[in-house]
Amino acid sequence: MKPNREKQVIALVDCNNFYVSCERVFNPALEGKPVIVLSNNDGCVVARSNEVKKLGVIMGTPAFKYRDLIKKYGIGVFSSNYALYGDMSQRVMETLAQFTPEMEVYSIDEAFLSLTGFNNLNRTEYARHIRSTIHKWTGIPVSIGIGSSKTLAKVANKIAKKNPEYDGVFDITEDPGIDNILASLDVSDIWGIGDQYAKFLNRHGICTVLQLKNADDEFIRDNMTVVGLRIVHELRGVSCIPLEMVHSPRKGIVSSRSFGRSVKTLAELRESVADYMAAAAERLRGQKSVASFVHVFIATNRFKNEPQYSNFITQRLPVPTASTQDLIKYALSNLLKIYRPGYRYKKAGVMLTGIMPDNQAQLDLFTPFKYRANRKIIMGAMDEINNRWGSDTVQIAAAGIGQLWQMRQSRKTPRFTTQWGELPVVH
DNA sequence: TCTGGGGTCCTAGGACCC
DNA sequence: TCTGGGGTCCTAGGACCC
């Protein structure tokens, strides 16, 4: 730790009900109406408008449980449209980047901005300006919290969201009433305190955030590891979780999906596994890496009262690779080893690990150079075409073309911003 | 009928080596 | 009879995030 470090000032910008807001940008009639967005397969509620939150709809609950409520209140229901949300996210982040040289894109709908050293300006005013610019340029409403650590910026953001009178911006830095605010919040409201830790802390008489801030370091360290201790220090205004401005490459890449209906045959499982592997390999090449291990898993529907089977298999590859063809070949031969007939499968997936930069991988003496070079050229061409004309323009034949197992997405809006054929029409 | 998908970090304990 | 100590690497499992 460097002593006398400059006091950090961090803003957390968080898009309000992001997926719902994206849908509203292209369908303004949804403004002020109750709206939800569902997870893949139209399974669970993953985004809720404020109107829906007020009705008591809980995040992550299976949508069918709200069938009556949806009908009664005329709730607008949408399948998730990740192509649209990803593109809107990029627009928001590009806009934010103009307001600070140091920024971390934390998730699809959140970013930390460093305001350290911005001493001569009224931070609240500046944040309001950021907020209105984002709204004007992208149509997305955001909330901004400012604090002297990431954890406190998160706290401030929560307060900004909860209290409409703050107009979407709250600065908790050097607020003399900070302890009163912390005393009014539950430990489970804190970033990094999940269900298990919240229960544990409650059992030991630590219920409010202020109590956590004043907790004994050794007790926290012993029971919540250094991760917990960092949180406590952050609450005290000591920044311990640095801004990560460069995106480090993924250490594992997972691609998996539940099926739209149950699947019994090996042929269909092969199609899905090949399809998921193609997606995983594309992401792998996107970060200029190769993988050394392939994992494959399949599972039946655990919510159903019927014979259950699930299995997982790992193979170390003879040579690390990013070639879709090779990775599919390994995945399919492993699938064959774990497949058992006679079950109704609900989910399959693949994972790539042992990931390293592609210029660091050990070469295999037995694979002719020409063969490897060809693979690279083919993959490069495939990625380029799919980038330009939309994913799935070129596919590997093993992924099949019927794809009856595909997930359900009965209420998906068009990919307005990423597919030429789905551009919105102005009348 | 209907229950998502993709990540991170930390620790304890075992295997192995000298 | 007596059975070391220190180090590294890997893995599984548990916690968390959006």
Side-chain angles (χ1 to χ4, degrees), chain A residues 12-19 36-48 58-68 70 77-82 85-86 89 104-112 150-151 154 157 187-201 220-231 240-242 244 247-262 272 276 279-280 283-284 287 292-293 295 297 299-306 312 314 316 344 346-355 407-411:
Chain A
L12 172 66
V13 181
D14 185 326
C15 301
N16 300 345
N17 315 326
F18 184 53
Y19 299 167
I36 57 176
V37 177
L38 305 181
S39 63
N40 276 331
N41 247 322
D42 293 345
C44 298
V45 177
V46 293
R48 307 159 295 162
I58 296 164
M59 187 76 167
T61 311
F64 69 84
K65 291 192 174 169
Y66 292 121
R67 203 177 19 201
D68 294 343
I70 287 167
V77 180
F78 295 88
S79 302
S80 40
N81 185 344
Y82 289 105
Y85 310 153
S89 171
E104 170 184 347
V105 176
Y106 177 67
S107 74
I108 193 164
D109 69 334
E110 278 174 73
F112 290 103
K150 282 182 166 179
T151 305
K154 278 267 193 184
N157 189 283
V187 279
S188 62
D189 288 337
I190 292 296
W191 185 45
I193 306 293
D195 270 9
Q196 300 304 309
Y197 282 153
K199 267 189 223 152
F200 168 80
L201 289 168
I220 296 294
R221 161 76 242 233
D222 288 351
N223 294 286
M224 296 169 67
T225 80
V226 297
V227 178
L229 193 56
R230 272 202 286 263
I231 294 170
C240 313
I241 308 173
E244 300 195 8
H247 235 44
S248 37
R250 305 262 169 247
K251 294 168 182 167
I253 293 174
V254 176
S255 178
S256 75
R257 237 29 111 233
S258 296
F259 303 128
R261 58 171 176 75
S262 56
S272 66
Y276 305 155
R283 265 183 275 156
L284 184 66
Q287 63 172 37
S292 330
F293 292 88
H295 317 253
F297 58 92
T300 50
N301 189 343
R302 67 182 195 281
F303 296 103
K304 276 203 165 145
N305 186 18
E306 59 185 34
F312 180 88
T314 296
R316 175 193 272 276
R344 291 151 55 86
K346 181 60 179 173
K347 186 172 184 174
V350 300
M351 183 160 49
L352 298 171
T353 61
I355 289 174
M407 62 183 175
R408 273 188 303 271
Q409 285 192 307
S410 59
R411 298 159 178 277

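Every chain is numbered from 1 and lettered A, B, ... according to where its sequence line falls, protein lines coming before strand lines.
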Completion exercise
Whichever of A:E244 and A:G43 has the more 5' nearest nucleotide on DNA chain B, that residue is A:G43

Completion exercise
Sorted by position of nearest nucleotide on DNA chain B, 5' first, the leading residue of A:P249 and A:Y19 is A:Y19

What is the distance, to the nearest angstrom, from the [atom1] atom on [X] to the [atom2] atom on [N]?
X	N	atom1	atom2	value
A:L229	B:dC10	CG	C1'	13 Å
A:F303	B:dT1	CZ	P	16 Å
A:F200	C:dC16	CZ	P	12 Å
A:N223	C:dG14	CG	P	17 Å
A:M351	B:dT8	CE	C1'	14 Å
A:Y85	B:dG5	OH	C1'	14 Å
A:N16	C:dC18	CG	P	15 Å
A:M407	B:dG6	CE	P	9 Å

Looking only at heavy atoms, what is the nearest atom pair of [X] and [Y], with distance?
X	Y	answer
A:S258	A:K347	OG-CD, 4.0 Å
A:S256	A:G349	CB-CA, 3.6 Å
A:S39	A:S80	C-OG, 3.6 Å

So which nucleotide from [options] ends up closest to the side chain of [X]?
X	options	value
A:V254	B:dG7, C:dA15, B:dT11	B:dG7
A:R257	B:dT11, C:dA15, B:dG5	B:dG5
A:K251	B:dG7, B:dT8, B:dG4	B:dT8
A:T225	B:dC10, B:dT3, C:dC17	B:dC10
A:S39	B:dG4, B:dG5, C:dC16	B:dG4
A:Y106	B:dC2, B:dG4, C:dC18	C:dC18
A:R250	B:dC2, B:dT3, B:dT8	B:dT8

Problem - Strand partner of B:dC18, provided both Watson-Crick or wobble distances fall under 3.5 Å - result: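 Pairing partner, where one exists within any strand: C:dG5.
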
Which part of the nucleic acid does [X] contact within heavy-atom distance under 4.0 Å: base, sugar-phosphate only, or nothing?
X	answer
A:S255	sugar-phosphate
A:L38	nothing
A:N40	sugar-phosphate
A:I241	nothing
A:D42	nothing
A:K65	nothing
A:G349	nothing
A:I193	sugar-phosphate

Think [X] has a side-chain N or O under 4.0 angstrom from the OP1 or OP2 of [N]?
X	N	result
A:R261	B:dC2	no
A:S258	B:dG5	yes
A:K304	B:dC2	yes
A:S107	C:dC17	no
A:R230	B:dC10	yes
A:R283	B:dG5	no
A:R221	B:dC10	no
A:K154	C:dC17	no

Problem - Pairwise side-chain contact, A:K150 with A:C240, heavy-atom cut-off 4.5 Å (strictly under) - result: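 Side chain of A:K150 against side chain of A:C240, heavy atoms only: no contact under 4.5 Å found.
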
Problem - Any side-chain heavy-atom pair of A:N301 and A:S262 under 4.5 Å - result: no

Practice task
Determine the interatomic distance between C1' on C:dG4 and the same-named atom on B:dC16; round to the nearest Å.
Solution key: 16 Å

Problem - Output field: ring centroids A:W191/A:Y197 closer than 6.0 Å - result: no

Exercise for the section: Classify the ring geometry between A:F112 and A:Y106 as parallel (under 30°), tilted (30 to 60°) or perpendicular (over 60°). Expected result: perpendicular

Exercise for the section: Check whether the side chain of A:R408 and the base of B:dT1 form a donor-acceptor pair under 3.5 Å. Expected result: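 Donor-acceptor pair under 3.5 Å: no.
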
Practice task
Could you walk me through whether A:Y82 and A:Y19 pass the ring pair (Phe, Tyr, Trp, His ring centres under 6.0 Å) test, one step at a time?
Solution key: CA-CA 9 Å; A:Y82 289 105; A:Y19 299 167; 5.7 Å; yes

